[in-house]
Q: 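Just dropping this structure here.
For the single chain, residues carry numbers from 1 onward in sequence order.
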Amino acid sequence: MSEQVPRELVSRRSLLRMGGGLAATTALLGAGAMSAGPASAAITAMPVSKRFDLTEPSYDEFRGKILHESHHVMQGFAFDNQNVRIFIVNARNGGTGDDLCITQVNFSGQIQGSMHLDNAGHGVSIGVEAVGTDSYIWMECDSDGPTGAGRGTALARFKFVNGGRPSVKKFLTGSDTITCATDPINKRIAVRRKEGGRMFISVYPLASAAAGDFSAPLAHFPQPALADEPVTFQGYTIFGQYLYTLDGTGHANPADIDSYLTCIDMNTGKVKSRALTKAGESLVFREPEGLGIYRSLAGETRLYLGFGSRSSMDDPDRYANLFYKNVLID
């Protein structure tokens, strides 16, 4: 399941001009941020970085893996780069649809543990923060309903403990359709939520967010419209100065694949590149589900793509599949 991206969005520069620059930007950050008062400094540019070449081939990490909750398709995923862990979210078997499960897997797709967060939302994207040998999950919470179709209204941060019940700290309460994604290399968190009816992206140092300080975003801009909208939004992540998004729908016929990757320069708020991806095109009922960033032990930085699948159209089980791109260009 997924969502539609709004069509009419203003540029970051025009946003800053409306209502007196910083005052307008601060208002758009919304209520509910712990320690989030008026911004103390102007929004700074993201440091210049390389970007992934979306036209290069994708490679398999694993295919056909069942998560802890087997009857629901994978949604977002994220990496604890420091501790070499993968966390994937999906709906809980027998739950409301807004009750989510986070499954930890290794790089072979084998289950290492799981936790549940009830009444959370949809799980289109999550983040992970490494704290020593512990992994802290960032994800939406406090679903706005209706049951099974709700979206999060706050961000939750909690330590992952296999089989435990999360001790949740909440941020940015009262938000509309909020999710997040983390850049584990540069230690930043992106927050995506509706502001004034439009979808915006805000980026913060991960340490500041963990301390409850959302007062000084590194970037804040409306998610740009795409030439071929409306599209079915399926996930996002950030690396360096670039935001990456995934859109498309599930298909039984590989000839109908419509999954696209988009690269957006967060310093301009504009689309840099967009390309069709056929990663995993032989999967049965392949559906795009999530993006994530990881740097391998050998130092290779990768953009991971997630896809849900089945073994057959009659199979009640849903399978997780991860692929990656690894070519960076200027």
Q: For a 4.5 angstrom cut-off between non-hydrogen side-chain atoms, does L206 reach W138?
A: yes

Q: Taking the side chain as everything from C-beta on, heavy atoms only, tell me whether R286 gets closer than 4.5 Å to S309.
A: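 No, their side chains stay 4.5 Å or more apart.
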
Q: Determine whether L100 and I88 fall in the same hydrophobic cluster, where Ile, Leu, Val, Met, Phe, Trp and Tyr are linked whenever their side-chain heavy atoms lie under 4.5 Å apart.
A: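 Shared cluster, no.
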
Q: Tell me the closest heavy-atom pair linking V124 and Q234, and the distance in Å.
A: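 What the structure gives for the nearest pair is CG2-C, 3.9 Å.
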
Q: For G240 versus S49, what's the shortest heavy-atom pair and its separation?
A: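 Closest approach of G240 to S49, heavy atoms only: CA-OG, 3.4 Å.
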
Q: Hey, does F79 have a side-chain heavy atom less than 4.5 Å from the side chain of R302?
A: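 No, every pair of side-chain atoms sits at 4.5 Å or beyond.
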
Q: Identify the heavy atoms of C141 and L117 that sit nearest to each other, and give their distance.
A: CB-CD2, 4.2 Å

Q: Would you kindly confirm whether I86 and V84 end up in one hydrophobic cluster when ILVMFWY residues are joined by side chain heavy atoms under 4.5 Å apart?
A: yes

Q: Where is the tightest heavy-atom contact between N93 and E69, given as atom of each residue plus distance?
A: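 Scanning both residues completely, I find the closest heavy atoms to be N-OE1, 2.7 Å.
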
Q: Can V105 be reached from I102 by stepping across I, L, V, M, F, W or Y side chains whose heavy atoms are under 4.5 Å apart?
A: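 As far as the 4.5 Å side-chain criterion goes, V105 and I102 are not connected within one cluster.
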
Q: Can you check whether Q112 reaches N162 side chain to side chain, under 4.5 Å on heavy atoms?
A: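 Q112 vs N162: side chains apart.
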
Q: Between T182 and V128, is there a donor-acceptor pair closer than 3.5 Å when you use the side chain of the first and the backbone of the second?
A: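 A pair under 3.5 Å: yes.
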
Q: Between atom CZ of R151 and atom OG1 of T153, what is the distance when rounded to the nearest 0.5 Å?
A: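 Separation between the atoms: 13.0 Å.
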
Q: Do the numbers put R192 on top of the ring of F233, so that NZ or CZ is under 6.0 Å from the six-membered ring centre and no more than 45° off the axis?
A: yes

Q: Run H71 and D317 through side-chain contact (heavy atoms from CB on, under 4.5 Å) and show every step you take.
A: CA-CA 5 Å; H71 292 171; D317 288 334; 3.2 Å; yes

Q: Using ring-ring contact (aromatic ring centres under 6.0 Å, His included), reason through F107 and Y294 one step at a time and then give a plain yes or no.
A: CA-CA 11 Å; F107 279 74; Y294 179 74; 4.8 Å; yes

Q: Answer yes or no: is there a side-chain heavy-atom contact under 4.5 Å between D330 and K50?
A: yes

Q: Could you tell me whether the side chains of R274 and T262 share a donor-acceptor contact shorter than 3.5 Å?
A: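 Yes.
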
Q: Where the side chain of K187 meets the backbone of A207, is there a donor-acceptor pair that is under 3.5 Å apart?
A: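 Checked: no pair found.
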
Q: Within this structure, what is the SG-NZ distance for the pair C263 and K270, rounded to the nearest 0.5 Å?
A: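 Atom-to-atom, C263:SG and K270:NZ are 14.5 Å apart.
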
Q: To check you understand the geometry: which heavy-atom pair defines the closest contact between D98 and S143, and what is its length?
A: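 Scanning both residues completely, I find the closest heavy atoms to be OD2-OG, 3.2 Å.
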
Q: Does the N83 side chain pair with the main chain of G132, one donor and one acceptor, at a distance under 3.5 Å?
A: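 Yes: the side chain of N83 pairs with the backbone of G132.
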
Q: In terms of side-chain heavy atoms, does Q75 have a donor or acceptor partner in H122 at a distance below 3.5 Å?
A: yes

Q: Checking N321 side chain against G64 main chain: does a donor-acceptor pair fall under 3.5 Å?
A: yes

Q: Determine whether the side chains of S282 and R63 contain a donor N or O and an acceptor N or O closer than 3.5 Å.
A: yes

Q: Please round to the nearest 0.5 Å and tell me the distance separating atom OG of S135 and atom CZ of F160.
A: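 Going from OG on S135 over to CZ on F160, the span is 8.0 Å.
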
Q: Closest heavy-atom contact between I137 and M139?
A: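 Looks like CG2-SD, 4.0 Å.
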
Q: Between L243 and V271, is there shared hydrophobic-cluster membership here, with clusters defined by ILVMFWY side-chain heavy atoms closer than 4.5 Å?
A: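 L243 clusters together with V271.
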
Q: Donor-acceptor pair, S108 side chain versus Q110 backbone, under 3.5 Å?
A: no

Q: Output all residues satisfying salt bridge (charged side-chain N to carboxylate O under 4.0 Å, His left out) with D99, sequence neighbours left out; order by chain, then residue number.
A: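 Salt bridge (charged side-chain N to carboxylate O under 4.0 Å, His left out) list for D99, sorted by chain: R92.
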
Q: Hey, could you give me the CE/CZ distance between M115 and F158, rounded to the nearest 0.5 Å?
A: 5.5 Å

Q: Taking C-beta and beyond as the side chain, do N90 and C101 meet within less than 4.5 Å on heavy atoms?
A: yes

Q: Looking only at atom types and distance, does a side-chain atom of D80 sit under 3.5 Å from a main-chain N or O of A130, one as donor and one as acceptor?
A: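 Not at all, since once roles are kept as given, no pair shorter than 3.5 Å links the two residues.
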
Q: Between D258 and T249, do the side chains contain an N or O donor and an N or O acceptor separated by less than 3.5 Å?
A: yes

Q: Measure the shortest side-chain to side-chain distance between H116 and H68 over non-hydrogen atoms and say whether it is less than 4.5 angstrom.
A: yes

Q: Can you tell me how far CD of E281 sits from OG of S259, rounded to the nearest 0.5 angstrom?
A: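 These two atoms lie 9.5 Å from each other.
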
Q: Test of understanding: clusters of I, L, V, M, F, W, Y form through side-chain heavy atoms closer than 4.5 Å, transitively. Do M266 and L226 belong to the same one?
A: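 Both belong to a single hydrophobic cluster.
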
Q: Name all residues meeting the salt bridge (charged side-chain N to carboxylate O under 4.0 Å, His left out) criterion together with D134; count only those two or more places apart in sequence or in a different chain, and write none if there are none.
A: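 Here the qualifying residues are K159.
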
Q: Establish, from distance only, whether the side-chain atoms of T237 and Y304 form a donor-acceptor pair under 3.5 Å.
A: no

Q: Quick one: does any side-chain atom of N81 pair with a main-chain N or O of R295 as donor and acceptor, under 3.5 Å?
A: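 Yes: the side chain of N81 pairs with the backbone of R295.
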
Q: Does some side-chain heavy atom of R188 sit less than 4.5 Å from a side-chain heavy atom of L218?
A: yes

Q: With ILVMFWY side chains joined below 4.5 Å, transitively, what does L261's cluster contain besides itself?
A: F52, L54, I185, F239, Y242, Y244, L246, L283, L291, I293, L303, L305, F307, F323, L328

Q: For K325 and D53, what are the C-alpha separation, side-chain angles and deciding distance, and is it a side-chain contact (heavy atoms from CB on, under 4.5 Å)?
A: CA-CA 8 Å; K325 292 183 180 293; D53 187 340; over 6 Å; no

Q: The test is side-chain contact (heavy atoms from CB on, under 4.5 Å); show your working for L172 and F214 and say whether it passes.
A: CA-CA 8 Å; L172 300 173; F214 294 85; 3.9 Å; yes

Q: Output the distance between atom NZ (K272) and atom CZ (R51), rounded to the nearest 0.5 Å.
A: 5.0 Å

